[in-house]
Structures are given as structure tokens and as C-alpha cells.
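Atoms considered below: every heavy atom in the structure, side chains included; atoms not considered: hydrogens, waters and symmetry mates. Numbered from 1 within each chain, the chains take letters A, B, ... in sequence-line order.
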There are 2 protein chains.
Amino acid sequence: MATGRTHRPATRSRGIPEATVARLPLYLRALTALSERSVPTVSSEELAAAAGVNSAKLRKDFSYLGSYGTRGVGYDVEYLVYQISRELGLTQDWPVVIVGIGNLGAALANYGGFASRGFRVAALIDADPAMAGKPVAGIPVQHTDDLEKIIKDNGVSIGVIATPAGAAQQVCDRLVAAGVTSILNFAPTVLSVPDGVDVRKVDLSIELQILAFHEQRKAGEETAAGDGALPATTRDASTDQGPDGDVPAVMPA
Amino acid sequence: MATGRTHRPATRSRGIPEATVARLPLYLRALTALSERSVPTVSSEELAAAAGVNSAKLRKDFSYLGSYGTRGVGYDVEYLVYQISRELGLTQDWPVVIVGIGNLGAALANYGGFASRGFRVAALIDADPAMAGKPVAGIPVQHTDDLEKIIKDNGVSIGVIATPAGAAQQVCDRLVAAGVTSILNFAPTVLSVPDGVDVRKVDLSIELQILAFHEQRKAGEETAAGDGALPATTRDASTDQGPDGDVPAVMPA
DNA sequence: CCATCTTTGTGCACGCGTTCACAAAGACAT
DNA sequence: ATGTCTTTGTGAACGCGTGCACAAAGATGG
């Protein structure tokens with residue numbers, strides 16, 4: 001998914017570049033796997049391979065956190081797991097509410113990856129009165145009317161929006177008004193929020209569209225001769241190095 | 001979601017920067033909305049606002065596609081919808097298979113955003129024999145054994161992986177071997193694929209972790225003096241200018 | 001204690017992406 | 001036709017992120 005930032009130029013949070021922050025969870029996952037296999041240390045090379053990144057990049061990323069490695073040896077797995085967890089704020093409990101319990105909302109409620117990382121689904125909220133009280137993933141769905149109270153009672157600061165596009169902005173506004181300062185938006189809309197509120201966006205259809213773009217390029221390069229309107233003619237599929245760059249489809253905003 | 005690119009340095013596909021490609025779907029969505037309201041033309045300023053981006057960026061993005069605007073007037077909505085759709089390859093039908101029909105897979109199968117953009121769910125595939133034949137979103141689930149045949153019979157080139165992490169790489173390998181060249185991965189794993197195959201990754205837990213990082217920063221800034229564990233106490237919501245940069249959590253690879 | 005070997009941490013250069021700011025282009029009125 | 005006004009399209013500067021390549025640091029063995 002891709003979205004644009006309109007204002008601030010990619011602020012660097014407390015010295016840690018955003019790009020690095022976005023990779024920390026990846027490292028953490030790889031490290032956790034190593035930890036479960038009781039591997040004591042890893043080299044930047046090995047860990048980078050496991051996380052699917054360049055080793056120099058990984059070392060530079062870690063250098064922003066401090067010098068946690070030992071030259072000639074590598075990094076202590078357990079220690080690094082702790083440091084990254086702490087940096088990401090995963091050592092504390094984050095109550096989360098999911099608003100919009102349709103197919104996607106229900107799937108998210110059931111998703112194990114949340115609980116395993118310190119995120120606790122504090123409540124499920126839906127506008128449909130018929131849903132109220134019905135348990136999803138073992139948690140009873142509550143009605144939107146109680147949204148503000150739920151947020152406040154549970155000290156929720158992170159909200160997940162999985163409503164239809166039409167309801168998203170309104171839900172967002174209410175979440176923010178109630179004190180939520182971080183939002184993960186699955187609805188296909190651009191949300192506008194006041195400064196100080198983080199929004200990350202996940203749009204499944206956009207991801208597919210980006211894939212389709214590249215797929216189209218791989219496929220017909222010569223078939224493009226068609227009607228007009230576009231240059232795209234006689235494209236020789238010569239060295240088709242298969243596209244893919246590092247571009248987001250999910251970003252804050 | 002976040003992943004790193006290991007190799008190629010963000011190839012520019014046929015002159016169109018990846019960053020631009022990632023934004024095209026956003027513009028398209030905004031334009032479609034305008035089209036439905038029968039708005040004939042839009043200025044870059046208006047459209048940029050609707051898409052949540054900078055107007056200069058939008059104009060530059062469009063300039064990569066060609067000169068479709070009229071100075072002093074703006075852009076013709078219908079024409080632009082067509083051009084972007086064509087550029088993204090949405091004027092053709094893209095059969096897609098979803099592998100792994102758990103909570104998430106089922107939600108994806110039901111997701112309306114796919115069909116509305118030229119993506120057709122050609123088949124649902126799951127490894128559980130008990131699922132076989134059971135209809136999900138009106139489509140009968142088929143067994144993994146038939147994966148290769150399904151891909152070939154339907155001419156599928158885009159696959160969606162919604163299996164548990166453990167099965168993802170294996171499924172991926174089979175998809176690729178069967179001819180799939182674009183993969184949207186929801187499993188929390190780094191997939192390795194041969195050159196020429198595009199992978200985009202969506203990781204819900206990573207998104208939350210990134211939000212948690214910023215949330216933590218917003219929360220305790222002063223409490224940080226403590227033991228080193230976590231600030232998170234006494235949250236004063238002062239002037240919390242909230243961080244947020246433009247960093248991806250989803251990328252190809 | 002010294003030599004060697006491994007691996008980290010980083011200075012530096014390069015390239016992509018973003019943004020500003022403006023000239024060119026066209027619409028529209030007179 | 002000519003002038004004015006709006007909006008595009010883009011040249012240029014800047015900043016972030018990436019990756020190379022190497023020096024510094026430490027482990028390890030003799």
C-alpha cells in the first residue's frame with residue numbers, strides 16, 4: 001500500500017531512522033526463531049540472511065540502537081531480542097481495539113500474531129446491534145455506542161479499523177477523540193487525523209494492483225502494440241530484469 | 001509489515017519509479033470516486049488532497065505517464081481513470097488463487113476490493129482435506145494436491161499466500177514452479193523466490209509493532225530515566241507532535 | 001605476549017524520491 | 001488579437017537510505 005506523506009519529511013524518531021524501525025520487527029522475528037533453537041550468537045551475515053536484508057544494512061541498523069555486538073563473534077541472541085523488544089515497546093502490554101467485526105475484523109481478532117507480541121485484543125466493536133454480545137475469538141462483540149467508554153476503561157491507545165470505507169473516517173474521529181493515538185487502517189480510504197496521531201494503512205487491493213503492474217510488464221511486452229493512447233509499443237522484452245523496488249504500500253499517514 | 005530488499009537497487013520499471021507505481025492505485029481510487037460523482041475535471045491540488053499526497057508529487061507522478069492534463073484547467077477524470085487503469089494492467093482480468101483458507105484466507109476470499117479491480121478469485125486452496133468441497137465466499141475449496149493443475153488450468157499468475165508461516169515457503173515454491181510470478185504473502189516469513197518473481201508482503205503484526213514504537217515514544221519521554229525497562233508510565237499528552245515518517249512495511253521481495 | 005583471523009561499526013559516495021519554485025501553456029474575457 | 005489568470009509540467013536542490021569497503025576491536029591459538 002502506498003500513501004503519501006503530506007507534511008513532515010520523515011522525521012527521525014529519537015535518532016532511529018524510520019526505515020530502521022520498520023525493519024526491527026523483522027530482525028526480532030528472526031532472532032526469536034534462533035532463540036527458540038537455543039542458538040547463543042549470530043553474525044550479522046547470518047541474521048541478515050534470515051531476515052532477508054543486506055548485512056551492512058543490518059549492522060548499521062543495530063548501530064542506531066547501540067553497540068550490542070562483539071567483533072569477531074557476532075551478536076548475543078537473547079540480549080538482542082531483549083534490546084529490540086524494549087526499543088519497540090513490546091515489553092509492555094498494548095491493549096488494542098478492533099472496530100468493524102466483519103470478515104476481516106473477525107480474522108484479525110483470531111490472528112495469533114497479535115497476542116504473541118504483547119498486543120492484547122481488549123475489545124471488539126461493531127455497529128451492528130445484531131453482533132452485540134456474540135463472541136468472536138472468545139471475545140464478546142460490543143456496540144459502537146460504547147466505543148468511548150471502552151477506550152477509556154481499557155486505556156487503549158491503539159485502534160484497528162476494519163470497517164467498510166464509508167464508516168472509517170467517522171470511526172477514526174471517535175477513536176481519536178476518545179484518546180487513541182495510533183491507528184491501523186484496513187479500510188480503503190485516506191484517513192485524516194490531527195497531528196500527533198499515527199496512522200498506518202494496509203490496503204490489500206493496492207498490493208494486488210502493484211503486483212498487476214509488474215505482472216503486466218513481465219507478460220505482454222509485445223502485445224502492447226494495440227490501440228494507441230500509450231507509447232508502450234514495440235517493447236522488446238530484452239533484458240527484463242524483473243522489476244521490484246523498495247516501495248511501500250503501507251505507510252504512516 | 002516490513003521487509004528488506006537484498007539485491008537489486010529499486011529498479012525503475014519502464015521509466016516509472018516504483019514510488020509512483022505504488023501511488024497510482026491511490027489516485028485511481030480517488031478518481032473513481034470523482035467519476036461516480038460525475039465530476040468532469042480535477043486540478044492536481046484537489047486530487048492530491050483527496051489522495052492524501054502533495055500536489056507537486058502528484059503532478060510529477062502523472063508526468064511519468066505522459067501529459068494528460070490541460071494547463072489552466074486540470075485533468076480529465078474519465079481519461080485519467082482509463083490511463084491509470086491501463087498502466088496498472090487493470091483493464092484485463094487477473095485470475096488469482098488464495099492458498100490457505102483459514103480465518104484470513106476466508107476473509108480475503110470475501111473481500112470485495114479484489115473483484116472490483118479486475119482481480120478474480122479463480123480458486124481457493126487448502127491443505128485440510130476436511131475443507132475440500134466446502135464453499136467459502138461461494139467458491140468451493142480445493143485441495144493442495146491439485147495446486148499445479150489449478151494454476152495451469154486457470155492461467156493464474158498471481159497467488160496469495162495466507163497459510164501458517166511454516167507452510168508458506170513450500171506453498172510458494174509450488175506456486176512458482178507451477179508458473180505463478182507474483183505473490184502476495186500474508187504469512188509472517190521471509191520467502192525466497194527466483195529472480196523474475198515478485199513478492200509483496202503484508203504483515204499485520206509488524207504494522208502494530210511499528211505503531212507501538214511510536215506510541216512508546218509519545219508516551220514516556222521523561223520517564224525514560226528509570227531502570228531501562230520501560231517508560232510507559234505517566235502519560236502526559238502534552239504537545240505530542242507524534243512521529244511518523246514514510247517508511248514501508250510492505251515491500252517487494 | 002604476539003600474530004592472525006573474524007566480524008563489527010562506520011565514513012563515504014551514490015542514487016532515488018520529494019519538494020520548491022517557476023516558466024510555459026492554454027483557457028477565457030474583452 | 002491581446003492580456004490576464006489559472007494550472008500544468010519540470011529543472012534543480014536537498015535529504016534520506018543504501019551499500020561498499022575498510023579500519024578498529026576483539027577472540028583465539030601458539
What pairs with A:Ser63 under side chain to side chain contact (heavy atoms under 4.5 Å, CB included), at least two apart in sequence or on another chain?
A:Lys60

side-chain N/O A:Ser44 vs C:dT8 OP1/OP2, d < 4.0 Å
yes

Side-chain N or O of B:Tyr64 less than 4.0 angstrom from OP1 or OP2 on C:dG17?
no

Taking the side chain as C-beta and beyond, is there a heavy-atom pair between A:Leu184 and B:Leu211 under 4.5 Å?
yes

List the atom pairs, with distances to 0.1 Å, where a side-chain N or O of residues 45-52 of chain A and a protein N or O form a donor-acceptor pair under 3.5 Å, not counting sequence neighbours.
{"unit_1": "A:Glu45", "atom_1": "OE1", "unit_2": "A:Ser55", "atom_2": "OG", "d": "3.3"}
{"unit_1": "A:Glu46", "atom_1": "OE1", "unit_2": "A:Ser43", "atom_2": "N", "d": "3.0"}
{"unit_1": "A:Glu46", "atom_1": "OE1", "unit_2": "A:Ser43", "atom_2": "OG", "d": "3.4"}

Can you check whether A:Leu28's main-chain N or O pairs, donor with acceptor, with A:Thr32's side chain at less than 3.5 Å?
yes

Which donor-acceptor pairs under 3.5 Å do the side chains of residues 160-171 of chain A make with protein atoms, sequence neighbours left out?
{"unit_1": "A:Gln169", "atom_1": "OE1", "unit_2": "A:Ser192", "atom_2": "N", "d": "2.9"}
{"unit_1": "A:Gln169", "atom_1": "NE2", "unit_2": "A:Asp173", "atom_2": "OD1", "d": "2.8"}
{"unit_1": "A:Gln169", "atom_1": "NE2", "unit_2": "A:Ser192", "atom_2": "O", "d": "3.1"}

Phosphate-side-chain proximity, B:Arg59 and C:dA21, N/O vs OP1/OP2 below 4.0 Å:
no

Would you state whether a donor and an acceptor, one from the side chain of B:Lys60 and one from the base of C:dT18, lie under 3.5 Å apart?
no

Within the 4.5 Å heavy-atom criterion, are B:Pro25 and B:Leu88 side-chain neighbours or not?
yes

Looking only at the side chains, is there a donor atom on one of B:Tyr68 and B:Asp76 sitting less than 3.5 Å from an acceptor on the other?
no

For D:dG9, does either OP1 or OP2 sit under 4.0 Å from a side-chain N or O belonging to B:Tyr75?
yes

Between protein and nucleic acid, restricted to nucleotides 1-4 of chain C and to nitrogen or oxygen atoms under 3.5 Å apart, what atom pairs and distances do you find?
none

I need a per-nucleotide contact map over nucleotides 25-30 of chain D, read 5' to 3'. Cutoff is protein heavy atoms under 4.0 Å; write B for the base, S for backbone only, - otherwise.
B-S---

Check side-chain hydrogen bond (donor to acceptor under 3.5 Å, both in side chains) between B:Asn185 and all other residues, then give those that pass, not counting sequence neighbours.
none

Can you tell me if B:Asn54 touches the phosphate of C:dC20, counting only side-chain N or O atoms and a distance under 4.0 Å to OP1 or OP2?
yes

Give a yes/no on whether any side-chain N or O of A:Lys57 is located under 4.0 angstrom from OP1 or OP2 of D:dT18.
yes

